[in-house]
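Everything below concerns the one structure shown next.
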Amino acid sequence: MLLTPRHIKASGGKPPEADKDHDKKAKGGELYGHYAANRRVLDKSAKYFVQKRKTSNDAGLSKAQLLELYRLLFETRRLEEHLVALYRQTQVVGGVYRSLGQEATAVGCAYGMRDGDYLQPLIRDLGATLTHGVMPLAMLRQYMAKATGPSGGRDLNTHFSDPNVGILGPVSMLGAMVPVLAGCLLASRFKKEDKAGLVFIGDGGSSTGAFYEGLNFAAVQKLPLVVVIESNHYAYSTPTTTQVPDGNLVRRAYGFGVDVSHVDGNDVLACYEATKLARERGLAGEGPTVIVSETYRRKGHAEHDNQAYVEDNEIEAWAKDNDPLDRYIEFLVKGKYTSKKALEKIRTEVEAELDAARDQAVAEEQPDAQTHLQAVFDDGNTPWPHYETWWRGGPTHREGS
Amino acid sequence: MLLTPRHIKASGGKPPEADKDHDKKAKGGELYGHYAANRRVLDKSAKYFVQKRKTSNDAGLSKAQLLELYRLLFETRRLEEHLVALYRQTQVVGGVYRSLGQEATAVGCAYGMRDGDYLQPLIRDLGATLTHGVMPLAMLRQYMAKATGPSGGRDLNTHFSDPNVGILGPVSMLGAMVPVLAGCLLASRFKKEDKAGLVFIGDGGSSTGAFYEGLNFAAVQKLPLVVVIESNHYAYSTPTTTQVPDGNLVRRAYGFGVDVSHVDGNDVLACYEATKLARERGLAGEGPTVIVSETYRRKGHAEHDNQAYVEDNEIEAWAKDNDPLDRYIEFLVKGKYTSKKALEKIRTEVEAELDAARDQAVAEEQPDAQTHLQAVFDDGNTPWPHYETWWRGGPTHREGS
Amino acid sequence: MPEITFLEAVNSALKEEMHADERVFLIGEDIGAYGGAFKVTGGMLDEFGPERIIDTPIAEAAVIGAAAGAAMCGMRPVAELQFIDFISCGGFDQLVTVAAKSRFRNGVPCPLVVRGPAGGGGRGGPFHSACPEMWFVSTPGIKVVFPATAYDAKGLLKSAIRDPDPVLFLEHKFLYRRIKDEVPNEDYVVPLGQALERRAGDEMTIITYGAMVHTSLEAAEELSKNGHSVRVIDLRTLVPLDEDTIVKAAIETSKVMIVHEDTRRGGLAGEIAAVINENAFDYLDGPILRVTAPDTPVPYAPSLEDAFLPQVSDIVTKANELLQY
Amino acid sequence: MPEITFLEAVNSALKEEMHADERVFLIGEDIGAYGGAFKVTGGMLDEFGPERIIDTPIAEAAVIGAAAGAAMCGMRPVAELQFIDFISCGGFDQLVTVAAKSRFRNGVPCPLVVRGPAGGGGRGGPFHSACPEMWFVSTPGIKVVFPATAYDAKGLLKSAIRDPDPVLFLEHKFLYRRIKDEVPNEDYVVPLGQALERRAGDEMTIITYGAMVHTSLEAAEELSKNGHSVRVIDLRTLVPLDEDTIVKAAIETSKVMIVHEDTRRGGLAGEIAAVINENAFDYLDGPILRVTAPDTPVPYAPSLEDAFLPQVSDIVTKANELLQY
Ligand SMILES: Cc1ncc(C[n+]2csc(CCOP(=O)(O)OP(=O)(O)O)c2C)c(N)n1
Ligand SMILES: Cc1ncc(C[n+]2csc(CCOP(=O)(O)OP(=O)(O)O)c2C)c(N)n1
Ligand SMILES: [Mg+2]
Ligand SMILES: [Mg+2]
């Protein structure tokens with residue numbers, strides 16, 4: 001059984017309909033990737049997502065690429081764990097926002113882009129940031145507000161930009177970056193660059209007017225924008241059914257008159273493939289695609305959130321049966337793409353790198369107000385760390401790298 | 001052939017699809033009310049809309065009601081003509097925005113509501129204002145910035161409110177009133193009033209973030225809101241295809257997860273019926289309905305606009321073959337609902353009333369700054385003309401009146 | 001009288017007003033089951049149910065727009081922004097266009113309250129630390145409240161909810177759990193538009209509001225150690241501005257300094273300088289001076305944020321300059 | 001030198017910059033075939049094509065957001081708002097959040113221009129007459145320009161387009177077709193941040209900008225008939241504010257009055273009063289006074305709008321008060 005993402009054409013294709021047999025089919029495991037799954041947000045058991053599923057490899061990736069993806073997934077998870085530890089040691093300034101359980105979406109989608117493409121990650125897209133080429137060291141510095149970090153301590157988390165390498169850090173105002181990315185792609189059109197853009201948004205963030213205006217503009221202008229709606233069941237404490245009738249994000253996306261891809265967000269290859277295809281369609285002049293990625297936020301909104309609003313066992317069920325790393329390892333090993341030992345080696349390497357990065361970042365200084373409270377306007381002061389200090393480049397084996 | 005509005009259920013119903021046989025069917029006259037018609041915005045000929053069509057009477061209206069509708073349509077058109085004449089005499093302050101050719105939507109939809117319901121007309125909805133109960137005299141005063149007008153000269157056009165009679169005048173910021181009407185309906189829910197709301201928006205205005213946020217909120221809250229998208233081919237000079245991919249407003253509406261009704265906006269009875277049904281569904285707890293009304297703006301954005309951007313003959317074709325008043329007269333007379341003479345009598349009465357109102361309004365004074373530049377906050381000054389001075393009440397024969 | 005925190009004071013004002021007036025309801029993001037990002041509405045869903053504690057999509061135009069509509073139709077909505085910074089999104093237009101102009105345009109009152117956590121010191125960075133008051137002070141039709149104590153927070157919020165016009169109610173998040181006051185159990189209000197002399201003094205006056213009241217009081221205390229008598233006025237309400245108290249202080253102390261956390265250019269200090277010029281110029285014995293944040297976004301790193309926010313020492317230094325004038 | 005209108009000056013600045021720099025493009029509503037609501041971009045679609053003159057949906061967050069994104073990626077977008085009033089909608093956040101903070105946050109310049117018709121006198125009512133400058137003057141990171149003459153409009157717009165930072169460019173719609181100047185055919189710029197003395201004088205100074213420059217000049221002329229020598233300074237740029245010229249005028253004339261069309265509370269007059277206090281207090285021979293619109297929305301009826309807008313007689317009266325001080 002090939003598990004390809006479900007693709008809905010902007011025109012002509014079948015738009016989503018309510019499915020009365022949902023529960024029956026879900027039990028039988030048939031409903032993979034079907035939008036109706038989203039209605040399970042209302043459910044207590046999250047049973048549908050607990051169906052044992054494998055991860056496809058019709059994505060045509062080489063072994064090296066498959067391993068690279070694993071490295072990125074693991075690096076993402078471990079880096080976040082480092083951040084939590086540092087948070088507990090009050091080394092982190094502000095909060096830590098985890099992507100535990102949804103790393104496959106961030107990593108897989110970003111892997112489907114190419115170097116030079118524009119990427120706009122949100123707080124839960126550390127994995128996308130690393131995949132697109134940011135150093136783990138940079139993220140550590142950023143979370144600890146070090147002068148050496150990409151924003152020089154002026155801003156936090158994934159909030160740093162350099163359009164030269166395609167990173168457009170978000171502002172906190174959800175939805176706001178969708179029109180901004182459309183603007184980046186306008187610029188590329190002027191410059192006749194072959195660049196696409198990937199912008200992440202949450203199920204919650206997709207309720208904002210800025211999201212609507214920006215995506216609609218990109219659609220009317222047929223810009224090569226890939227929008228990933230990370231449908232992770234919650235916006236802070238709010239379930240998706242409060243964001244959109246029936247929690248139906250696919251129908252919402254369909255209304256924009258763009259292509260819609262509905263994917264299993266815990267399947268890193270499905271995410272990769274959907275993005276790659278969306279990117280190609282976009283560059284072929286077919287306009288934006290919305291990828292609705294079904295996943296689950298296993299941690300609270302941030303470290304301080306105790307998730308009291310979550311039903312019993314929901315988190316545990318997702319952790320046990322639908323962890324994106326576990327699934328991917330199973331696929332890699334059972335499919336004989338690699339050995340457990342090879343994976344172990346990757347892990348050892350990543351651990352060592354992250355330990356070193358952490359030690360280096362911890363030892364560094366916070367910014368000096370004399371040099372870092374300047375340059376609201378161009379005043380000849382450029383105290384920002386240039387991207388070369390925080391950029392390692394896209395992954396070696398990624399297509400087009 | 002019964003010409004009922006096409007109704008698309010929020011869930012389960014067939015959503016719009018592109019129709020390859022569009023042109024063929026359109027020629028055959030089959031495509032009545034089909035969303036694909038909207039794509040004709042791109043066309044030069046506007047031929048589709050030129051199909052001779054009748055107006056239905058499966059709406060179950062009495063003769064008195066049918067005549068009342070005619071009176072309102074005629075009153076709307078003639079009042080606007082008075083306003084244009086006054087504009088040319090520089091009696092009007094600011095601009096005049098015509099609804100010529102689209103009066104059926106404003107009047108028909110408003111007639112589908114009941115007294116006490118909330119109505120939010122836009123600049124081109126003079127007809128809805130009159131239908132809901134505002135005196136023509138009040139509109140004349142308003143356009144001439146008289147102290148006696150509903151806003152006492154502080155604001156213009158349909159920009160006046162009194163929630164006690166359900167009139168919520170717009171602000172100019174398009175889309176902004178959609179969340180506001182949702183709030184009015186929240187208030188009615190608290191007060192356990194059986195009130196619905198009708199809010200007009202243009203094809204252009206439906207591109208705003210405020211429209212999106214407001215309608216989505218109403219949908220999630222299942223409020224009895226009827227949203228009429230007046231699809232009149234233009235937003236100022238901009239064609240609908242620049243507002244939304246393929247100019248497809250039905251698909252846009254469908255994305256909200258609400259019921260969608262697609263109607264011939266020049267058929268006053270179709271507009272009436274669609275609204276009445278939408279209102280009933282809303283009050284039965286089924287949430288908002290979007291009515292996409294296909295019509296055409298025969299005048300420029302305002303009197304100063306020479307419509308140079310409009311294709312040759314487009315306006316003439318609509319005027320000749322699809323004028324909402326002509327069509328309705330034909331229906332009334334051919335269907336033997338009334339006689340030409342009876343209609344003539346109505347016209348004579350309306351003319352006399354309007355002449356008198358105009359003379360009265362012209363003679364009145366502009367506001368005095370001593371009394372009308374006050375009360376930004378509650379300061380004990382209430383210089384506004386109370387609604388009793390500008391309100392004649394809903395039409396006598398309207399249901400529920 | 002029990003001692004309660006600033007946050008508890010806001011919570012109890014909301015609860016009491018909801019009990020007293022069935023027209024009052026709350027609307028915002030995550031205010032129900034979660035009790036709000038800062039837990040200001042904690043426990044209220046259980047007490048009042050989802051009809052009166054309305055969780056919304058992430059859509060501030062809907063939050064404030066719906067509140068405005070309900071207010072026009074006779075309700076008394078209180079809209080929460082998760083951080084007041086997000087007022088720059090779609091809700092901005094609802095507040096400055098729909099709510100602020102409603103009464104003037106056609107006599108329809110729009111008595112809503114928009115409240116939310118403001119201010120820096122929490123290491124929130126450029127988008128979670130705003131003092132956005134001047135966008136609204138400069139827009140006719142919106143009252144603006146910025147309390148400094150738990151007692152005032154409760155009494156002013158009650159006034160705001162009962163006020164017949166739109167009110168923006170700014171809660172300094174740094175004070176939520178750091179400030180405790182004795183707050184009466186009985187119903188009381190602090191009227192809008194009345195400043196309070198927090199410390200008597202006759203050599204000079206510091207006019208301030210919000211969290212800077214505490215910083216300014218510390219500075220005044222320090223100045224007193226050198227024998228200086230510095231009056232500290234807490235504005236509490238920025239619109240309406242208590243011009244009488246401001247002018248009286250200028251007349252009585254002849255020297256005035258204004259301290260605010262908001263950035264400098266176009267800040268409230270300028271407005272106060274103009275008011276004093278117009279009403280007490282002859283009494284001035286020195287220039288009206290300002291201690292404010294610099295004209296930058298709020299930075300994230302503690303080292304930067306501390307340099308950004310006016311500190312006791314900044315106030316003392318500037319005050320000494322003025323005292324010696 | 002040909003005499004052209006204010007509107008033609010804006011049009012020719014746009015055209016010349018688009019010819020000179022291929023990074024410049026325009027984006028907005030109805031700016032293409034229609035040439036904009038005021039015809040400022042008339043004829044430009046034919047000259048530059050739909051790729052560089054982009055008509056958008058009615059979606060100001062998209063207009064300004066896309067301009068900001070393109071600016072960050074090396075373009076020089078000029079976004080038009082049909083009326084500047086609509087800046088309160090979704091585009092507000094794009095300007096104050098995305099564009100204004102980009103350089104400070106991470107060193108990415110965001111050189112966009114947002115331009116649009118502002119101001120009253122056109123009988124546009126509460127939503128087509130705004131002077132929204134203070135929302136942006138009080139937000140660090142946005143330059144604000146408000147020219148009074150055709151010559152300045154052209155020269156300042158060219159500077160704005162070439163400026164490396166976000167600029168809000170306000171065009172007073174009352175001036176579009178009423179003001180004509182001699183404007184050179186050759187390329188020239190008027191630098192941002194430089195005020196201009198429009199009339200010499202040593203008894204007092206009127207500081208003003210936008211359409212009020214003309215009203216103030218008329219008032220100064222009238223005052224001169226009674227032998228008074230009144231300096232009139234046209235700020236031209238509100239951010240950066242030319243503090244040197246302001247302070248110099250305060251020092252040299254000892255009396256300063258500020259005139260603006262914007263409403264009073266939180267208006268620019270306050271900021272100027274503070275700047276003068278801090279830099280020239282000792283030289284003042286009278287209070288800094290204000291002539292401004294009252295704190296109401298802009299009313300529609302001519303009788304009301306005329307009372308709302310500062311008139312020559314209002315300025316003369318207030319000036320006489322100050323002169324006699
Ligand atoms: C416009 C706006 N409103 C409110 C917030 C506060 N806020 C930050 S994150 C968040 C929840 C986001 O949920 P979602 O979009 O689903 O993303 P997730 O956290 O699940 O990845 C909220 C409400 C914000 N950042 N921006
Ligand atoms: C938010 C906003 N942006 C821009 C405008 C300026 N404007 C006024 S009417 C109009 C065109 C409206 O077109 P549409 O919504 O289709 O309504 P119609 O005039 O066709 O009835 C525009 C752009 C506005 N009023 N509000
Ligand atoms: Mg989410
Ligand atoms: Mg239209």
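Only a predicted model underlies this, so the values are computations on that prediction, with no experimental measurement involved.
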Query raised in the report: With distance as the sole test, does Ser102(C) use its side chain to make a donor-acceptor pair with the main-chain N or O of Ala99(C) at under 3.5 Å?
Result: no

Query - Asp85(C) side chain to Ser129(C) backbone, donor-acceptor under 3.5 Å - result: yes

Query raised in the report: What residue in Phe86(C), Tyr300(C), Phe308(C) has the most heavy-atom pairs under 4.5 Å with chain A?
Result: Tyr300(C)

Report summary line: The interface call for Leu174(A) against chain C, heavy-atom contacts under 4.5 Å, is side chain

Query raised in the report: Is a side-chain N or O of Arg124(A) found less than 3.5 angstrom from the main chain of Glu230(A), in a donor-acceptor match?
Result: no

**Report entry** Among Tyr236(A), Phe211(A), Tyr309(A), Phe377(A), residue most engaged with chain C (heavy-atom pairs, under 4.5 Å)
**Finding:** Tyr236(A)

Query raised in the report: Quick check: does any side chain N or O of Gln366(A) sit under 3.5 Å from a backbone N or O of Ser303(C), one acting as donor and the other as acceptor?
Result: yes

Report task. Would you mind checking which part of Glu305(C) comes under 4.5 Å of any heavy atom in chain A, side chain (CB onward), backbone (N, CA, C, O), both or neither? Result -> neither

Report summary line: Max heavy-atom pairs within cutoff under 4.5 Å with chain C, candidates Thr208(A), Asp368(A), Leu373(A), goes to Leu373(A)

Query - Heavy-atom pair count under 4.5 Å with chain A, highest-scoring of Glu60(C), Glu29(C), His128(C) - result: His128(C)

Report task. Give, as side chain, backbone, both or neither, the part of Ala308(A) having an atom under 4.5 angstrom from any heavy atom of chain C. Result -> neither

Query raised in the report: So which part of Tyr143(A) gets closer than 4.5 Å to some heavy atom of chain C, the side chain, the backbone, both or neither?
Result: backbone

Requested in this report: Please check if the side chain of Ser231(A) supplies one atom and the backbone of Val292(A) the other of a donor-acceptor pair under 3.5 Å.
Outcome: no

**Report entry** Per-residue contact mode, Glu213(A) against chain C (heavy atom under 4.5 angstrom)
**Finding:** neither

Requested in this report: Taking Ser161(A) for its side chain and Gly169(A) for its backbone only, find out whether a donor-acceptor pair lies under 3.5 Å.
Outcome: yes

Query raised in the report: How are the rings of Phe127(C) and His159(A) set to each other: parallel, tilted or perpendicular (split at 30° and 60°)?
Result: tilted

Requested in this report: Return the option, out of Ser237(A), Ala145(A), Gly95(A), with the maximum number of heavy-atom pairs under 4.5 Å with chain C.
Outcome: Ser237(A)

Query raised in the report: What option among Gln307(A), His301(A), Gln243(A) has the most heavy-atom pairs under 4.5 Å with chain C?
Result: Gln243(A)

Query raised in the report: Given a strict heavy-atom distance threshold of 4.5 Å, which part of Ser88(C) is in contact with chain A: side chain, backbone, both, or neither?
Result: side chain

Requested in this report: Check for a donor-acceptor pair, side chain of Lys173(C) on one end and backbone N or O of Gly119(C) on the other, with a separation under 3.5 Å.
Outcome: yes

Report summary line: Of Gly204(A), Ala369(A), Gly94(A), the largest count of non-hydrogen pairs under 4.5 angstrom with chain C goes to Gly204(A)

**Report entry** Pairs of heavy atoms under 4.5 Å with chain A: top-ranked of Gly125(C), Pro126(C), Ala62(C)
**Finding:** Pro126(C)

Query - Test item: Lys15(C) side-chain N/O and Val10(C) main-chain N/O as donor-acceptor pair under 3.5 Å - result: no

